[in-house]
Structure formats: C-alpha cells, structure tokens
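Below: the structure, in structure tokens.
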Amino acid sequence: MVKKDLSVNFLGVKFENPFCLSSSPVGNCYDMCKKAYETGFGGVVFKTIGPKSYFIDEVSPRFDKLDKESTSFVGFKNMEQIAEHPLEENLADLRRLKAEFPDKVLIASIMGNDEQTWEELARLVTEAGADMLELNFSCPQMTSHAMGSDVGTSPELCRKYCQAVRRGSKLPVLAKMTPNVTDMVPVALASLEGGADGIAAINTVKSVCNVDLNRYIGMPIVDGKSSISGYSGKAVKPIALRFLQQMRSDPRLKDLPISGIGGIETWEDAAEFILMGATTLQMTTSCMQYGYRVVEDMKNGLMHYMAEQGVDRLEELVGRANANIIPAEELNRDYIVYPKIDEDKCLGCGRCYISCYDGAHQAMEWDEETRKPHCNTEKCVGCHLCALVCPVSAISKGEIKIKPGRKTKAEDVRP
C-alpha cells in the first residue's frame, strides 16, 4: 500500500488528513462523530448549534433525490434545519468528543439570530473545547429570515456577525458561504474584514428537485405541500468548483484558505477540490449514501494520486489548477481539433451522427451500408460532442488545424 503524508495545516490547526464531516445530519450527535473519527476522518464539523431560544421543529418526510431509478444520487435535496438537540446537550457532546479524541479536529458550527447570540454561541463552544468555529451563513431552509442563507447574501450582516463572533472567541473562524448569490467575492471579503480567517464553500443550492406529475406538488410532499430547499451531491460539484475558482482568482483572495464542500464522493472529486484551492474537504451526501467508510477509499486514492504526481505532502497540490483557469476571452481560439474515430471500437450505433446533426454542426456523416460515421472536416468546428456521447469511447482527439492567419503553431497546441 502506498503511504503518503495526508496531513494538512489549516488556519494553524493540524489535521491528520483533510477529510471532515460537514455540518449536517451526518454529524448530529456524539455517537455519529465518534464513529466518524474511528473510521478515519481527520475532523468533524458538528451539526450547526443554534441559540437556546430557537426551537427546531422539522417536517416529515424531508429528503428527495434526483435519479429515481437507482440508489445512486445524481443530486440530493434536504429540508433539514440546524441541530434539534438542546444547546446544553450539544455542548456536552462537544466536550466529550474533545476529551476522547484530543488529536482529532473538532469544528463547531454555529448560527445566531443577532449579534448577541452569535457572540454568546462563540464563547460557549470555545469553552466546550472546539478547535475551530464555522459560521453558518448559508442554510437555505431556515424558518427565520434572520438566519441562514438570507444572511449569507448580505456583506453587511456577514461582516457584523463575524465581528460579534470575534468578540466571543479567539479560535480560527470559517465563514460558510451560500451559493445562492451571483458572486461570492463580496460576502467572502466582508467576512474576512469582520474577522473570519477562511471560507467554507459551498452550502446547498436552493432547489425544487422533482414535481409529482399527478398531484402537482414538489417533492418531498409534506401534508400536500412542499417548499424550496437545499440541493447537494454530485450535481453541485461544478457549482462549488466555480465558486472556489472565482474567489481564488480575485487578487485580494489569491491565497484564501478554503474548506471545500459540494459533491465530494470519490478521491478524484477530493483531488479536484484540492487542486482548485481547498485545503480541507467536507462531506455529507456521500456519507448518507455509503456510510463513513467512504473516507477509506478517498484516503487510499489520494495517496496513490500523490505518488503519481511525485509529491510527498498533500499541501503541495493545493491550488495548482487555479492559474490554469482563465477568463473566456483569454482562451486560445487559433485552432480546431478534429475528432478521430477508431473503427475497430465503433459499434455503428449512430449516436455521434444523431447528436452532431441535431445538436451541433451536421459534420458527422453516416454510411448506411457500413453503419460507420465519418467526420466532414469542412463542417466540423471541433466541439467534440460526438466523443462525449459515444458509449464506447471510440472517438478521441485527432488532427489539429490552425485557422488561417493565426500565430499559434500546431506543435504548441496542447488540447
């Protein structure tokens, strides 16, 4: 077995590996967090602790998924709010976890409804033994507009509540961002100005996942009605990576410490978040599907990837992809890469022909007798839709053509 150093230093706190439970149903109590630690997670973000006065009253059912034909979630919708246990019970769980697992990282997620409760919660979880705080500015299904994602859309509130937390604690602070904004940079900057040390991103995306076609109600159905709520899982990974890139691309945030969240199900997903600037990684939906044991595969996969990349420490990979994602107007448009068809692999199914004709530039031609496709380079624009729809990967990148009058040379192109 390949052995590599998966430990990371994040905001001055050492994690034995970057994998953490995110603040969610998977880290709702002492027993769950204990099992996650024992399974191999480097840290847990305990489910968001709210004010003593705020009563959590959940609906039933409260989950839905995209992809009804299997147990694998393309996307997952939840209507869950913050921790439903009494404040004293949550604090007792924090104390017990830290006493029994002193070398594991314990992150307390908190959510107040005014400056006083933010400051008080910060003080209480610090006294309970948390190593770090995460400020939940982003839960999309809170029943109070003074809490959750409505706060996370306001730079002023994020700044003010970070300042309140700073009065209650000297621990490292993460501000957890909502993706339900067009630009995360203003709220991230405001949070840092208020005293946050880093950003956790992203929380769930507001959604209606499915609609019952006979009863005309969104899913899940609660007494004949439904509501907009948070969407997570593999489907939100592209959205999460986009926000990480946009933040790290801003000169003011180029070295921004990030805890990455959003659709991490495999070691490849984990590696992508790290390359895009995340130092630690948080998971919920993958644990809900497969259990905490997913962390074993992820750690093993990351170590093999590190060996392939020739790096000894995981931190060496953080942010390596950021510089290679540039504004669209700066991309090289001097050349076309034509598709190459492997006739030995080709099944003659016609998928490439249909997709090209109906969805691209009618460049793929079809021989009825041989049932083989052929690319007409006079029409082809090199979009490679054909390669994406091929069920057996019989189409790959082929000849490179430099557009007339362009400066790029064929040998310089790395598609």
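FYI, the numbering just counts along the sequence from 1.
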Worksheet item: Of Arg313, Glu315, Glu16, Lys14, which meets side chain to side chain contact (heavy atoms under 4.5 Å, CB included) against Val8?
Response: Glu315
Mind listing the closest non-hydrogen atom pair of [X] and [Y] along with its distance?
| X | Y | result |
| --- | --- | --- |
| Leu94 | Ile49 | CD1-CD1, 3.9 Å |
| Cys352 | Met364 | SG-CG, 3.9 Å |
| Gly168 | Thr126 | O-OG1, 4.5 Å |
| Leu11 | Pro257 | CD2-CB, 3.6 Å |

Worksheet item: Given Tyr161 and Glu115, is the side chain to side chain contact (heavy atoms under 4.5 Å, CB included) satisfied, shown in steps?
Response: CA-CA 6 Å; Tyr161 291 154; Glu115 289 182 78; 4.0 Å; yes
Using modelled atom types and a 3.5 Å cut-off, is there a donor and acceptor pairing between side-chain atoms of [X] and backbone atoms of [Y]?
| X | Y | value |
| --- | --- | --- |
| Arg248 | Leu256 | yes |
| Ser207 | Ser229 | yes |
| Ser286 | Ile264 | yes |
| Lys299 | Gly40 | yes |
| Lys4 | Val311 | yes |
| Asp269 | Thr266 | yes |
| Ser24 | Ser22 | yes |
| Lys372 | Cys346 | yes |
| Ser355 | Cys386 | no |
| Thr117 | Asp114 | yes |

Step through the shown structure and confirm whether more than 12 heavy atoms of other residues, nucleotides or ligands are within 6.0 Å of [atom1] on [X].
| X | atom1 | answer |
| --- | --- | --- |
| Gln245 | CD | yes |
| Leu213 | CG | no |
| Tyr30 | OH | yes |

Just verifying a value: how many Å separate [X] [atom1] and [Y] [atom2], rounded to the nearest 0.5 Å?
| X | Y | atom1 | atom2 | value |
| --- | --- | --- | --- | --- |
| Met219 | Asn210 | CE | CG | 6.5 Å |
| Glu119 | Ile110 | CD | CD1 | 10.5 Å |
| Met177 | Phe243 | CE | CZ | 11.0 Å |
| Asp297 | Trp267 | CG | CH2 | 12.0 Å |
| Phe273 | Lys237 | CZ | NZ | 7.5 Å |

Heavy-atom check, side chain of [X] versus side chain of [Y], under 4.5 Å:
| X | Y | answer |
| --- | --- | --- |
| Leu135 | Cys162 | yes |
| Cys380 | His361 | no |
| Leu314 | Met306 | yes |
| Tyr292 | Glu38 | no |
| Leu302 | Asn17 | no |
| Arg252 | Leu192 | no |
| Phe46 | Asn90 | yes |
| Leu174 | Phe10 | yes |

With distance as the sole criterion, is a donor-acceptor pair present between the side chains of [X] and [Y] under 3.5 Å?
| X | Y | value |
| --- | --- | --- |
| Asn136 | Ser23 | no |
| Arg167 | Gln163 | no |
| Ser259 | Thr280 | yes |
| Tyr37 | Glu100 | no |

Tell me whether [X] is salt-bridged to [Y], with the criterion being a basic N under 4.0 Å from an acidic carboxylate O.
| X | Y | result |
| --- | --- | --- |
| Arg123 | Glu127 | yes |
| Asp197 | Arg166 | yes |
| Lys104 | Asp131 | no |

Discussion item. One pair to check against side chain to side chain contact (heavy atoms under 4.5 Å, CB included): Leu275 and Leu317. What are the steps and the verdict?
Written reply: CA-CA 6 Å; Leu275 294 173; Leu317 295 173; 4.2 Å; yes
Discussion item. Tell me whether the rings of Trp118 and Phe137 are parallel (<30°), tilted (30 to 60°) or perpendicular (>60°).
Written reply: perpendicular
Worksheet item: Under the side chain to side chain contact (heavy atoms under 4.5 Å, CB included) criterion, do Thr204 and Val236 qualify, and how do the steps go?
Response: CA-CA 8 Å; Thr204 52; Val236 309; over 6 Å; no
Practice prompt. Before giving the answer on salt bridge (Lys or Arg N to Asp or Glu O under 4.0 Å), spell out for Glu156 and Arg159 the whole-Å C-alpha distance, their side-chain angles and the decisive distance to 0.1 Å.
Written response: CA-CA 5 Å; Glu156 294 76 18; Arg159 182 184 297 106; 5.2 Å; no
Worksheet item: When you look at Met276 and Ile258, which way does the side chain to side chain contact (heavy atoms under 4.5 Å, CB included) test go after all the steps?
Response: CA-CA 10 Å; Met276 294 291 281; Ile258 298 175; over 6 Å; no
